[in-house]
Amino acid sequence: MKDGKGTQVSRRNFLKLSGMTAAGAAGVLGGGLSGILSGPREVFAKEELKVGILDPYSGPYADSGREQTNGALIAVDESNKKGGVLGRLVTTVQEDDATNPGTSVQKGKKLIDEVGVKYIVGGVSSATGLAVSALCQEKKVIYMSVGCHSDDITVGDKAHRHTFRPTCSNTMLARATASYIADKFGKKWYFITSDYSWGHTGRDAFKKVLAGKGGKVAGEDLTPLGTTDYSSFLLKVRNARPDVLVVSLYGNDLVSCVKQFNQFGMRKEMQIGGPLNGLEMARVIGKDSNVGYWGMPWDITVDTKGSKDFTGKYKGKYGKVPSWRAYLGYVGMQQLLAGIERAKSPEVKKVIPALEGAAFDGLKANKSYWREWDHQCIQDTYCGRAKSGAEVKHVDDLFEIVAMRKGDDVAHTRAENPVKLEAL
Amino acid sequence: MIWSKKDILWIGAVAALFAVMPPLLPKIGSSIPVGTEIMIWGIFAMGFNVLLGGTGILSFGHAAFFGLAGYAMGLLILKDRLPLVLAIPAAVLGAFLAAVLIGALIIRKRGIYFAMLTIAFGQMFYFIASQWNSLTGGLDGLTGFKRTVFLGFDIKPEVNFFYFVFGFFLLTLLFVRALMNSSIGKTLVAIRENVHRAEFLGIDVKKYQHFAFVVSATFSGLAGALYVLLLNFAFPELLHWKTSGDAVLMSVIGGMRAFFGPLVGAGVFVFLRDIISTYTSHWALPLGAIFVVFVLFFQKGILGIFERGNGK
Amino acid sequence: MDLSLLLSQLFNGIAMGMLYVLMAMGLTIIMGTMGVVNFSHGVLFAFGAYFAYLIAGKTGFFGALLLAPVVVGLIGMVLERALVARVYGKDPLYGLLLTFGLAMALEEVIRIGWGTAGLPFSAPEFLSSFIDMKIMFYPAYRLAVLGFILLLIAALWFFLERTTTGKIVRAGIQDSVMVGILGVNTKALFTGVFGLGTFLAGLAGVLSAPMSGIMPTMGDNVIMPSFIVIILGGVGSFWGSVTGGLMLGIIVSMCVQFVPAVAELSMYLVMALVLLVRPRGLFGEEGLFE
């Protein structure tokens with residue numbers, strides 16, 4: 001019945017033959033079509049300068065990822081209007097890291113191995129930032145870790161020579177925000193922390209400032225990234241009766257927590273704050289629930305001509321006001337291109353020294369600069385107060401800057417950061 | 001001979017195809033690591049399919065072994081603790097032992113309950129990895145290690161690593177083919193076709209099912225260890241039931257009953273994930289839709305389309 | 001240990017559990033009647049929330065509460081006729097695989113239709129406050145949801161126990177073949193059951209939207225707990241779903257209170273223990289899936 005004779009067997013074999021060919025074809029298919037559909041690489045390579053953009057377009061930090069990329073693209077437009085960098089037009093290849101370090105490494109490898117970029121710009125989740133930083137060091141590619149705030153991107157043994165950090169570190173944010181909160185609201189704090197590097201270093205930075213002021217920790221909890229229900233945690237917080245609830249949360253997590261903070265009536269009982277908050281989240285939180293004191297790398301209300309120009313450009317291109325994510329994307333990309341221009345060469349080995357130590361106009365009151373021993377961008381850091389209800393005059397009027405600290409005053413000192421970046 | 005002439009021919013052909021990939025891939029704009037990845041997923045899926053297609057048991061938890069060996073690999077070569085030549089077998093052994101233990105515990109359950117148990121164990125591993133920050137790096141993943149040298153052979157360059165993985169790939173093809181040709185393999189198929197009849201024939205069904213579970217898990221472990229070496233990075237998603245789902249996807253789409261089926265599935269999967277994702281981030285839609293279509297109409301998968309009436 | 005905190009956590013656990021109960025009810029009648037493990041239940045839960053967002057714009061919260069689940073139920077019935085019905089009678093694993101692929105594709109449809117970011121959604125104004133009873137204190141909306149689901153459970157019970165259609169459904173859960181032999185139109189029964197199950201999932205989605213927000217991955221967070229509940233309570237059992245849901249909610253909130261690190265782990269540990277020791281769960285029927 002199964003093992004027939006003569007013609008049946010050979011027919012089966014023929015079918016199997018085609019089957020096996022399909023198997024082999026699959027191997028080539030997977031690898032080959034990838035290249036064919038990505039388009040010819042060599043044809044205009046000499047005329048273009050390719051930069052990879054790796055940001056989250058899905059997952060809990062998707063909104064911020066989009067904003068960051070949008071900002072970066074403005075910098076690309078500006079550059080190309082002036083004829084590009086070293087006479088070459090800048091093109092970008094964008095990949096989604098899904099707010100997930102595993103994906104970020106896979107996509108990073110794709111950008112480096114397949115597309116052949118020598119520079120990657122982007123990153124929101126510090127988990128992805130750390131992973132991509134390690135990858136870029138190994139592959140000798142420059143990484144502008146645009147929006148990753150965890151201290152360890154530029155501190156200690158996870159910092160790398162090929163990585164630069166355009167945004168503030170958690171410590172900078174904490175020092176700008178925490179001291180303000182401690183002085184104003186009281187020194188008994190409860191911590192809800194996103195359970196990964198950024199959350200941990202954010203909480204630790206706030207704790208340090210608190211300890212320095214003689215405050216105490218009323219309690220703390222870790223929540224996994226992607227948690228939507230904070231009710232059980234908020235009940236614990238309420239019971240502990242702290243002066244301030246410090247939430248080292250971001251994206252959808254921050255939105256859910258702040259909304260539930262309001263729903264549980266805790267606004268009357270205590271203040272809330274944390275290392276980061278921004279327009280994308282405040283819009284979803286809604287103006288009635290918007291509350292707290294937050295670290296911010298930038299805001300539309302920063303009163304400099306540069307900021308106003310940027311806000312105008314962004315509004316012109318995207319029809320809405322930029323968040324500080326967009327600002328960071330802009331600065332990160334802009335400074336990478338400026339570095340290449342200064343180095344007069346696209347070679348990574350030459351661009352890195354051209355960036356180290358360079359000062360530039362970061363659209364803030366004081367100039368920003370790339371500190372050469374840790375690649376941290378030293379810049380003005382802000383504390384913003386969330387506005388709500390009647391004081392919100394228009395749909396984007398969601399934050400007000402209440403404090404500003406200069407970068408040198410709040411960043412890690414040499415003594416605090418034993419980092420030794422690798423040789424080139 | 002445990003391999004027929006045809007087996008050698010086909011395995012040889014596929015091997016030859018992969019062997020010449022490295023110089024070809026960059027010429028058509030792709031890259032060598034993509035080829036390496038297809039082989040690694042191929043090892044995962046083909047090993048997994050010994051359980052699914054070969055023995056008829058669905059597990060949604062094989063990522064637990066994939067990830068366990070992956071993390072073990074990272075931890076063992078971190079700070080140059082162990083040379084690769086010892087670390088790889090050690091990592092795979094870890095997956096093997098875990099499968100022996102877990103398998104013994106859960107194999108007596110059938111069908112849906114078994115599948116749910118595999119999910120439960122997989123998720124437990126996932127949450128342990130996500131939260132044991134000091135050991136695994138938690139949600140940040142494990143960095144600080146990289147592949148270096150295997151018995152003097154430098155596998156840092158992508159092309160060298162490709163051929164390194166190729167060796168394991170070839171071994172997997174040969175082993176799985178030999179297994180399914182052997183009397184053990186035929187017994188597994190008999191169990192798949194009719195468990196009760198196999199029992200009446202005096203076969204110790206549970207023992208064979210456990211065996212299939214352990215073998216498939218061991219290959220999942222091998223794939224996981226190699227994958228972590230490819231990325232120089234280990235992270236919790238490697239353990240998630242969705243990663244297990246990937247192996248299921250590959251086997252079903254490629255063809256559970258065909259030897260090269262899972263490999264075809266791996267190729268399709270990498271193609272859809274890597275290529276389509278450049279154009280749209282919504283690649284999960286065509287992938288999910290294709291999967292649905294195959295589950296409903298082409299239960300024998302892509303290769304099954306070429307083999308009609310050959311089900312049993 | 002503060003008594004009022006303990007009570008609040010217990011109560012919160014019960015409230016969380018109620019949503020699980022709703023999800024589990026839908027899952028269990030589908031699984032019990034047709035033997036299909038509906039992996040797409042989570043994404044249909046999400047669809048409930050997304051449709052609510054769409055509809056609430058025109059009709060407000062209560063309009064959305066009424067209509068969104070109906071839309072989801074209808075979609076469920078279409079999916080059942082077109083796809084799910086084809087795997088009836090086959091190995092239950094086919095149903096699992098089918099709905100797994102469906103879930104994957106449908107979640108992507110959400111992203112395509114509504115974007116990858118979260119959407120804002122608020123509870124009705126009069127429920128946006130919280131209630132402070134000295135012994136315990138809780139947001140009004142969550143209290144309302146708790147009450148609403150209790151009413152719904154009562155209504156479902158009445159339907160299943162006291163109406164003819166309900167009895168047919170129960171009979172179908174017990175033995176769908178027999179029911180067909182007795183002359184019931186099983187095709188219609190199955191479609192109806194699937195519609196009802198998915199209706200409940202959509203309803204859970206609408207209810208949860210103001211609490212946890214709306215995002216494409218919201219289904220992923222509830223699908224596994226829902227399975228754990230029906231395994232705990234027993235597949236096909238009404239009271240099993242209720243008890244299982246409550247137990248799971250309480251276990252999780254107690255863990256968060258006392259041993260937060262194992263809160264998620266504990267769910268799967270419970271699942272594994274039940275499956276190993278008493279697979280049919282608390283109230284399930286023996287041999288349903290063994």
Side-chain angles (χ1 to χ4, degrees), chain A residues 56-67 96 98-99 192-193 195 219-241 251-269 280-289, chain C residues 1-13 15-16 19 107-108 111 115-123 125 127-132 136-142 208-218 220-222 249-250 252-258 260-261 263-265:
Chain A
Y57 305 134
S58 57
Y61 295 174
D63 284 336
S64 294
R66 267 286 143 225
E67 287 269 325
D96 176 12
T99 318
I192 290 184
T193 306
D195 194 5
E220 54 185 313
D221 276 312
L222 292 169
T223 62
L225 188 63
T227 302
T228 50
D229 193 338
Y230 293 87
S231 53
S232 311
F233 298 103
L234 289 172
L235 284 171
K236 286 169 84 171
V237 175
R238 192 162 195 277
N239 191 62
R241 296 181 203 295
N252 291 345
D253 297 3
L254 182 62
V255 169
S256 300
C257 188
V258 172
K259 279 173 96 164
Q260 288 160 24
F261 178 80
N262 276 272
Q263 287 164 4
F264 276 75
M266 294 165 71
R267 220 163 146 163
K268 309 190 175 113
E269 319 265 331
E280 329 72 296
M281 287 148 295
R283 284 186 190 123
V284 185
I285 289 173
K287 69 172 188 184
D288 294 318
S289 302
Chain C
M1 172 85 275
D2 198 294
L3 183 64
S4 94
L5 174 61
L6 189 61
L7 278 177
S8 300
Q9 289 286 28
L10 203 63
F11 190 78
N12 191 44
M16 280 203 295
L19 268 172
E107 186 174 310
E108 213 50 51
R111 281 184 231 267
T116 50
L119 292 174
F121 195 77
S122 300
E125 265 305 312
L127 286 173
S128 296
S129 60
F130 55 92
I131 302 189
D132 192 353
M136 200 178 60
F137 129 111
Y138 212 62
Y141 179 74
R142 287 177 187 239
S208 114
M211 296 193 285
S212 319
I214 304 182
M215 42 205 107
T217 49
M218 61 193 291
D220 294 346
N221 290 340
V222 294
I250 294 175
V252 172
S253 69
M254 285 298 119
C255 277
V256 169
Q257 178 58 47
F258 295 110
E264 316 232 49
L265 200 65

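Just so we're on the same page: letters track the sequence lines, and every chain starts at 1.
Using a 4.5 Å cut-off between heavy atoms, A:Arg238 touches chain C through its side chain atoms alone. In this structure, no portion of A:Pro56 lies under 4.5 Å from any heavy atom of chain C. No part of C:Tyr141 comes within reach of chain A, as not one of its non-hydrogen atoms sits under 4.5 angstrom from that chain. For C:Pro216, no part lies near chain A; criterion is any non-hydrogen pair under 4.5 Å. With a 4.5 angstrom heavy-atom cutoff, A:Lys236 touches chain C via backbone and side-chain atoms both. Contact of C:Ser253 with chain A is made through backbone and side chain together, with heavy-atom distances under 4.5 Å.
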Steps toward side chain to side chain contact (heavy atoms under 4.5 Å, CB included) verdict (C:Met16, A:Ser232): CA-CA 10 Å; C:Met16 280 203 295; A:Ser232 311; 4.0 Å; yes
Candidate pair C:Arg111 and A:Tyr57, rule side chain to side chain contact (heavy atoms under 4.5 Å, CB included), full reasoning: CA-CA 11 Å; C:Arg111 281 184 231 267; A:Tyr57 305 134; over 6 Å; no
Evaluation steps, side chain to side chain contact (heavy atoms under 4.5 Å, CB included), between A:Ser256 and C:Met215: CA-CA 11 Å; A:Ser256 300; C:Met215 42 205 107; 4.2 Å; yes
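With values rounded to the nearest 0.5 angstrom, A:Ser231 atom OG is found 5.5 Å from C:Tyr138 atom OH. Atom CD of C:Gln9 and atom CZ of A:Phe233 lie 9.0 Å apart (nearest 0.5 Å). Atom CG of A:Leu234 is separated from atom CG of C:Asn12 by 9.5 Å, given to the nearest 0.5 angstrom.
Among all heavy-atom pairs drawn from A:Phe264 and C:Arg142, the shortest one is CE1-NE, 3.7 Å. C:Leu119 and A:Val284 make their closest contact through C-CG1, 4.1 Å (heavy atoms, listed as atom of the first residue, atom of the second, distance).
For the options C:Ser122, C:Pro139, C:Pro120, heavy-atom pairs under 4.5 Å to chain A are most numerous at C:Pro139. For the options A:Asp229, A:Ile285, A:Leu235, heavy-atom pairs under 4.5 Å to chain C are most numerous at A:Leu235.
Shown here are the side-chain hydrogen bond (donor to acceptor under 3.5 Å, both in side chains) partners of C:Glu264, two or more places apart in sequence or in another chain: there are none.
In terms of modelled atom types and a separation under 3.5 Å, the side chain of A:Gln263 and the main chain of C:Ala140 share no donor-acceptor contact.
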